[in-house]
Amino acid sequence: MNYRDTFSYTTISESLVDEHFGRPLYYYNTIGSTNIEAKILATSGSPEGTLIVADEQTAGRGRFNRHWSTPKGSGLAVSFILKSRLSNPQISQMPMLGSLATAYAIEQLCNTSPQLKWPNDVWIEQKKIAGILVETSYTKNLPEWLILGIGVNVNSAPLKVTNPYYDTSCLADIIGHKVDRVNLLQRLVHNVGLLYNKLEKNSIRKEWQKRMLWKNQHIEVIDSDQNPIEGIALGIEPNGALLLQLLSGEHVNIYSGEIRLRSN
Ligand code: BTN
């Protein structure tokens, strides 16, 4: 069967009629970054559940301000505005929530089981497929709103290398056929809604750890000063930190960085 791309405001809004999130829906053929647009909308009072979707991003951003590529007709670039469950333990689970919701959506449609790489990447067959960027605004130390940005490489892989440490791919190259982006987005919105309602139950971390890439393996964390720290990846803490067993046996929490597998 020939694949026909039907990604548009109309098809997306129709697919989301029964979903808790996705209203209002903003759809752009081309935009700089859905996260930047979401921040503008959140600042001007857009409600929880607002969803910003773009077919193409010209200035998509990832963690550490890296470029995130979303060429036209190729992927999902979406941002949710969230407001109601924003106390601190919940906020630190949002990257886990985003990556787990994405993994579930892929599994439901593509018959493949993604793994999750700390802190918030979705990987299949040792390649990165999707990434999450969470941005929060505080007023007088209280969280005001949060943007959950999700990028998925669906029908083509990024054109340029944005991170020299790992390979990237797309769903179509892995499963051997193109994927309907409207269906994938609907599953994603559904899963974000379900998991958002479960934030207080602490079940997200348990589910995330079941899929954790390189769990109990020898890894190296490159911290923000580019220093490598070696150890065994034991799991993830309730606050989202990586639990690492150093070569000395000591257990430490790592709050930020990039992990890679050690080959020895
Ligand atoms: C990462 O892996 O570093 C995170 C990538 C997050 C990309 C998404 S695409 C939708 C949203 N808009 C952006 O500019 N970034 C996020």
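Only this structure's heavy atoms are used, side chains among them; waters, hydrogens and symmetry mates stay out. Each ligand, and each atom within it, is numbered from 1 in the order the structure gives. None of the values given here were measured: they were computed from a predicted structure.
Residue, atom and distance of the protein heavy atom nearest to atom 3 (O) of ligand 1 are Arg63 N, 2.7 Å. Remark: minimum distance from atom 10 (C) of ligand 1 to any protein heavy atom is reached at Thr34 OG1, 3.2 Å. Scanning all protein heavy atoms for the shortest distance to atom 5 (C) of ligand 1 gives Trp68 CE3, 3.5 Å. The protein atom (non-hydrogen) at minimum distance from atom 8 (C) of ligand 1 is Gly151 N, 3.6 Å.
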(request) Take Trp123 and Trp214 through the side-chain contact (heavy atoms from CB on, under 4.5 Å) test and state the conclusion after the steps. (result) CA-CA 11 Å; Trp123 280 44; Trp214 304 332; 4.0 Å; yes
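For ligand 1, the atoms closer than 4.0 angstrom to any heavy atom of Gly60 are 14 (O). Atoms of ligand 1 found under 4.0 Å from any heavy atom of Gly62, numbered from 1 in the order shown, are 1 (C), 3 (O), 4 (C), 5 (C). Taking every non-hydrogen atom of Asp121 and a distance limit under 4.0 Å, the qualifying atoms of ligand 1 come out as 2 (O). Counting the atoms of ligand 1 from 1 in the order shown, those under 4.0 Å from a heavy atom of Ile132 are 4 (C).
Each of Glu37, Lys39, Met94 was scored for a side-chain contact (heavy atoms from CB on, under 4.5 Å) with Ile147, with one residue passing: Lys39.
Counting heavy-atom neighbours within 6.0 Å of Lys72 NZ, excluding the residue itself, gives a total above 12.
In this structure, of Gln57, Lys128, Arg61, the residue bringing a heavy atom nearest to atom 1 (C) of ligand 1 is Lys128.
Under 4.0 Å from ligand 1, the heavy atoms of Ile150 that appear belong solely to its backbone. Heavy atoms of Asn120 found under 4.0 angstrom from ligand 1: none, in either backbone or side chain.
In this structure, the ring of Trp208 has its center no less than 6.0 angstrom from the ring center of Trp118.
Phe21 is not listed as a side-chain neighbour of Thr50, based on a closest heavy-atom distance of 4.5 Å or more. Thr58 places a side-chain heavy atom less than 4.5 Å from the side chain of Thr30.
At a threshold of 4.5 Å between side-chain heavy atoms, the hydrophobic network of Ile, Leu, Val, Met, Phe, Trp and Tyr places Leu242 and Leu234 in two separate groups.
In this structure, Lys83 and Pro47 approach most closely via the heavy-atom pair NZ-CA, 4.2 Å.
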